[in-house]
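A quick write-up on the structure given underneath.
Note: hydrogens, waters and symmetry copies are ignored here, and every other heavy atom, side chains too, is used. Please read all numbers here as calculations on a predicted model, not as lab measurements.
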Amino acid sequence: MKILFKYISLMMMAAIMMFSCNPDDASEIDEETANAVIEALQGTWTASEIRKDQAVISDFENFSITITDKSYSTENGSPVWPQSGTFEVQNTEVEDEFIREDGRLFTANVNNGILTVVIVYQEETGRGEYGTYEFVMN
């Protein structure tokens, strides 16, 4: 009987240890996913189409963005995109949501070699450059 009790106790302890240990912390998985998304964004991208509030616009002629790690530089992106800056992952639960150092949120994802960046922009000077901008680039 003592052997059976020891065996059952040992099994219960093993089960408790097995279920209480989680080698893959959820935040680490999300961070790995976010890093993979950032890695996919890296490179120089040139706009093929730009939309403002879902209407194709001709602003930002020859717009391009170069993304390296968590920084970027742009050509012809003013006023929506500064000439350069940095960004961070906004929320590790949403791997394609980022925040620039100026506090503006944007989403970015790569699908079939096409980068799509969506940013809601409101200009403080009131020149009417507010809206949802979508940059489609390859």
Side-chain angles (χ1 to χ4, degrees):
M1 186 71 160
K2 286 183 180 183
I3 294 174
L4 182 61
F5 180 72
K6 284 182 183 179
Y7 180 72
I8 291 172
S9 297
L10 183 61
M11 293 295 286
M12 287 175 48
M13 285 177 46
I16 289 170
M17 288 175 51
M18 186 171 68
F19 289 112
S20 67
C21 295
N22 186 1
D24 294 326
D25 184 23
S27 64
E28 289 178 23
I29 293 170
D30 291 337
E31 186 69 26
E32 288 176 20
T33 302
N35 287 336
V37 170
I38 290 171
E39 186 175 323
L41 300 177
Q42 293 185 33
T44 299
W45 303 88
T46 304
S48 58
E49 184 174 90
I50 300 171
R51 297 184 201 110
K52 178 182 176 187
D53 298 327
Q54 300 182 348
V56 175
I57 59 172
S58 60
D59 299 0
F60 309 101
E61 188 173 330
N62 300 319
F63 172 79
S64 68
I65 188 168
T66 301
I67 300 173
T68 325
D69 195 27
K70 292 183 180 178
S71 64
Y72 64 89
S73 60
T74 65
E75 294 286 329
N76 304 318
S78 181
V80 175
W81 283 96
Q83 190 171 9
S84 63
T86 60
F87 63 91
E88 292 290 330
V89 174
Q90 168 62 19
N91 182 343
T92 56
E93 293 175 11
V94 183
E95 68 257 2
D96 65 348
E97 188 174 86
F98 305 94
I99 187 165
R100 297 189 321 205
E101 81 276 353
D102 63 0
R104 297 195 192 278
L105 291 171
F106 69 95
T107 60
N109 62 63
V110 178
N111 190 6
N112 293 325
I114 296 174
L115 170 66
T116 303
V117 177
V118 178
I119 185 167
V120 176
Y121 182 78
Q122 286 184 306
E123 187 179 33
E124 285 80 21
T125 62
R127 292 188 327 185
E129 307 221 355
Y130 56 89
T132 301
Y133 289 84
E134 182 177 4
F135 295 82
V136 179
M137 298 173 269
N138 49 21

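Here Ile57 pairs with Ile50, Lys52, Asp59, Phe60, Tyr133 under the side-chain contact (heavy atoms from CB on, under 4.5 Å) rule; sequence neighbours left out. Residues passing the salt bridge (charged side-chain N to carboxylate O under 4.0 Å, His left out) test with Asp53, sequence neighbours excluded: none. Under the side chain to side chain donor-acceptor pair (under 3.5 Å) criterion, Asp102 pairs with Arg100, sequence neighbours left out. The salt bridge (charged side-chain N to carboxylate O under 4.0 Å, His left out) test applied to Glu39 returns no partner, not counting sequence neighbours. A search for side chain to side chain donor-acceptor pair (under 3.5 Å) contacts involving Thr66 returns Thr44, not counting sequence neighbours.
No donor-acceptor pair under 3.5 Å is formed between the side chain of Ser73 and the backbone N or O of Ser84. A donor-acceptor pair under 3.5 Å is formed between the side chain of Arg104 and the backbone N or O of Gln122.
Counted within 6.0 Å of CD on Glu49, heavy atoms from surrounding residues, nucleotides or ligands total more than 12; the atom is thus considered enclosed.
Partner of Phe135 under the ring-ring contact (aromatic ring centres under 6.0 Å, His included) criterion, out of Tyr72, Phe106, Phe63: Phe63 alone.
Cluster membership check: Val89 does not share its hydrophobic cluster with Val118, using side-chain heavy-atom separations under 4.5 Å among Ile, Leu, Val, Met, Phe, Trp and Tyr. Hydrophobic clustering (side-chain heavy atoms under 4.5 Å, transitive across Ile, Leu, Val, Met, Phe, Trp, Tyr) keeps Val117 apart from Ile99.
Minimum interatomic distance between Val37 and Ala108 (heavy atoms only, all atoms of both residues): CG1-O, 4.3 Å. In terms of heavy atoms, Ile119 sits closest to Trp81 at CG2-NE1, 4.3 Å.
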Exercise. Could you go step by step and tell me if Glu61 and Asn76 meet the side-chain contact (heavy atoms from CB on, under 4.5 Å) rule?
Worked result: CA-CA 7 Å; Glu61 188 173 330; Asn76 304 318; over 6 Å; no
Exercise. How far apart are the C-alpha atoms of Arg51 and Val136, what are their side-chain angles, what is the distance that settles it, and do they pass the side-chain contact (heavy atoms from CB on, under 4.5 Å) test?
Worked result: CA-CA 8 Å; Arg51 297 184 201 110; Val136 179; 4.1 Å; yes
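Taking CG from Leu41 and CZ from Phe87, the interatomic distance works out to 6.0 Å, rounded to the nearest 0.5 Å. Taking CZ of Phe98 as the reference point, atom CG of Leu105 lies at 11.5 Å (rounded to 0.5 Å). Taking CD from Glu97 and OG1 from Thr107, the interatomic distance works out to 7.5 Å, rounded to the nearest 0.5 Å.
Here salt bridge (charged side-chain N to carboxylate O under 4.0 Å, His left out) pairs that include residues 68-85, with residues two or more places apart or in two chains, are Lys70-Glu88.
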